Amino acid sequence: MPIQNISTPLPHAQPMEPTDPNSLFAMAVESVNSACGVIQAPDFVKAIVSQPKNELMVHFPVMMDDGHYRLFKGYRIQHNNILGPYKGGIRYHPDVSLDDVKALSVWMTMKCAVMRLPFGGAKGGIKVDPRQLSPTELMRMTRRFTSALGGNIGPEIDIPAPDVGTNAQIMDWMMDTYLNTHQEGRQQGMLHVVTGKSVGCGGSEGREKATGQGLCYVLLELLPEFRLKPAGLRLGILGFGNVGSHTAQALAAHGAKLISVMDHTCALRNIHGLPIPELRRHVQQTGALAGFTASGLEVIDRESFYRTEVDVFIPAALERMIDEAEAKWINARVIAEGGNGPVTPAGAEVLRQRDIALLPAILCNAGGVTVSYLEWVQNKAGVHWELSRVDRELQQTIVLAARRVRLAAHQYDTDLSTAAFCVAVEHVTRAYKQRGIFP
Ligand code: GLU
């Protein structure tokens with residue numbers, strides 16, 4: 001079929017949109033749809049990206065330490081691979097659901113496209129509270145899940161990585177299981193089937209801090225848009241896990257101060273700045289903020305946390321944390337999304353009315369997948385780069401993406417959040433137009 005005819009809508013290729021207003025997937029598709037409208041993407045692109053390509057759901061038994069068997073439910077959603085192999089994290093959390101994983105897979109496609117990485121988007125997970133499992137149970141569950149995914153993952157097919165509730169140890173087990181169950185893998189040349197591994201198992205320097213480091217680079221580039229400077233920048237951070245704590249640390253190196261922080265156990269504030277290294281140590285040792293003590297520290301309630309005046313508010317926890325009420329309380333100039341999908345559509349509307357700028361996760365937290373890409377490249381080439389090189393490559397890639405987004409905001413006369421989705425959808429559309437659709 002001649003390429004010029006490809007913009008004709010495919011018969012029956014109407015976008016299938018979810019209708020549940022609280023659906024995270026509906027939220028993700030809506031962001032993509034509105035960008036499609038702004039850039040006037042062809043209908044067939046809108047239709048294709050409105051659903052994942054493959055939805056894999058597996059149930060698998062695992063022996064617990066006491067000898068009984070427990071059945072687990074796992075997902076791998078492969079949203080789109082027009083730009084390269086599917087790519088995205090694996091989440092272990094009791095709230096993992098099909099709808100949420102689908103949404104997160106859409107955002108991965110968009111994130112990789114904004115960053116111009118040669119990857120598509122995917123996401124996976126197991127509905128489980130990993131803190132309730134022993135290390136050996138966690139290992140058996142991870143290995144059994146990896147084997148259930150079988151040939152659906154692979155170094156040039158679909159490449160998992162860490163997400164909420166998973167870490168380098170889980171990635172090492174996934175890689176090891178894959179290599180032991182695939183003929184080609186046994187030649188040990190396929191370390192790049194998984195990223196976010198420990199450095200000793202082929203992981204990259206700088207991968208653990210990558211999301212926070214990337215968010216820091218994005219802010220350094222975009223702060224002038226809001227007449228803000230990193231020196232003395234007041235931060236409020238929701239969630240103090242990998243993303244929140246590394247973001248605080250990276251920005252503090254440029255003179256920013258952490259004014260307030262909250263996790264599922266408590267909220268803390270010090271208007272002169274909280275001690276970040278001590279906080280990180282406490283959370284590493286105890287798993288949460290509760291019980292932390294320091295001079296000048298106030299323990300505050302949830303509402304006071306949101307109402308605390310800061311320059312940049314960073315939600316770095318789970319989805320849908322900022323709804324209408326929280327959006328009314330937030331006292332910041334800018335919200336930079338460290339976690340995926342933290343703001344509900346109703347929350348976003350309030351923020352718009354209050355003229356609070358929203359920097360989207362597909363740009364802000366793309367540092368993680370960018371260093372995953374660098375790990376994949378190093379594994380493929382059989383090399384190991386120094387941290388300074390990884391940081392430099394990350395900075396270059398994410399700063400260029402931030403500039404692309406800023407330019408699109410001016411070009412389309414829209415906000416930075418819509419602009420990021422425009423940049424992503426434009427890139428995906430270009431590939432579809434040039435490649436056409438098989439057969
Ligand atoms: N889970 C991370 C994200 O949501 C990283 C994904 C990856 O490295 O593939 O961006």
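We number each residue from 1, following the sequence as shown. First listed ligand is number 1; within each ligand, the first listed atom is number 1. What you see is a predicted model, and the numbers here were worked out from it, not measured in a lab.
Salt bridge status for Asp65 with Arg140: present, with a side-chain N to carboxylate O gap under 4.0 Å. Glu393 and Arg389 are joined by a salt bridge, as a carboxylate oxygen and a charged side-chain nitrogen come within less than 4.0 angstrom of each other. One finds no salt bridge joining Lys123 and Glu319 here, because no Lys/Arg side-chain nitrogen approaches an Asp/Glu carboxylate oxygen to under 4.0 Å.
Distances from ligand 1 to the non-hydrogen atoms of Met171 include no value under 4.0 Å. Not a single heavy atom of Pro160 sits less than 4.0 Å from an atom of ligand 1. Residue contacts with ligand 1 include Met108, since one of its heavy atoms falls under 4.0 Å from the ligand.
The nearest heavy-atom contact from the protein to atom 5 (C) of ligand 1 is Arg207 NH2, 3.6 Å. Atom 7 (C) of ligand 1 has Ala161 CB, 3.3 Å as its closest protein atom, hydrogens excluded (heavy atom only). Shortest contact from atom 9 (O) of ligand 1 to any protein heavy atom: Lys87 NZ, 2.7 Å.
Counting the atoms of ligand 1 from 1 in the order shown, those under 4.0 Å from a heavy atom of Asp163 are 1 (N), 2 (C), 4 (O). Each of the following atoms of ligand 1 lies closer than 4.0 Å to a heavy atom of Gly88: 9 (O). Atoms of ligand 1 lying under 4.0 Å from any heavy atom of Gly368, numbered from 1 in the order shown and given with element: 8 (O). Taking every heavy atom of Ser372 and a limit of under 4.0 angstrom, the matching atoms of ligand 1 come to 7 (C), 8 (O), 9 (O). Close approach to Lys111 involves these atoms of ligand 1, each under 4.0 Å from a residue heavy atom: 3 (C), 4 (O), 10 (O). Ligand 1 places these atoms under 4.0 Å from at least one heavy atom of Asn340: 4 (O). Of all atoms in ligand 1, listed by their number and element, those nearer than 4.0 Å to a heavy atom of Lys123 are 1 (N), 3 (C), 4 (O). Taking every non-hydrogen atom of Val369 and a distance limit under 4.0 Å, the qualifying atoms of ligand 1 come out as 7 (C), 8 (O), 9 (O).
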Before giving the answer on side-chain contact (heavy atoms from CB on, under 4.5 Å), spell out for Lys102 and Asp99 the whole-Å C-alpha distance, their side-chain angles and the decisive distance to 0.1 Å. CA-CA 5 Å; Lys102 280 168 70 175; Asp99 185 87; 5.7 Å; no
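Counting heavy atoms from C-beta on, the side chains of Leu220 and Cys216 come closer than 4.5 Å. Residues Arg116 and Leu400 fail the side-chain proximity criterion, which asks for heavy atoms closer than 4.5 Å.
For ligand 1, the polar-atom distance check against Thr195 finds no nitrogen or oxygen pair separated by under 3.5 Å.
Residues Thr195 and Lys87 have side chains that bring a donor and an acceptor to within less than 3.5 angstrom of each other. For Thr142 and Tyr92, the side-chain atoms include at least one donor-acceptor pair closer than 3.5 Å.
In this pair, Trp329 and Tyr306 present their aromatic rings tilted. The plane angle is within the 30 to 60° band.
Here Pro162 has backbone heavy atoms under 4.0 Å from ligand 1, and that is the only part of it that gets that close. Here Glu375 has no heavy atoms under 4.0 Å from ligand 1, in either its backbone or its side chain.
Looking at every heavy atom in both residues, Gly151 comes nearest to Ile157 through O-CD1, 3.7 Å.
Ring to ring, Phe145 and Phe72 are not that close: their centroids are 6.0 angstrom or more apart.
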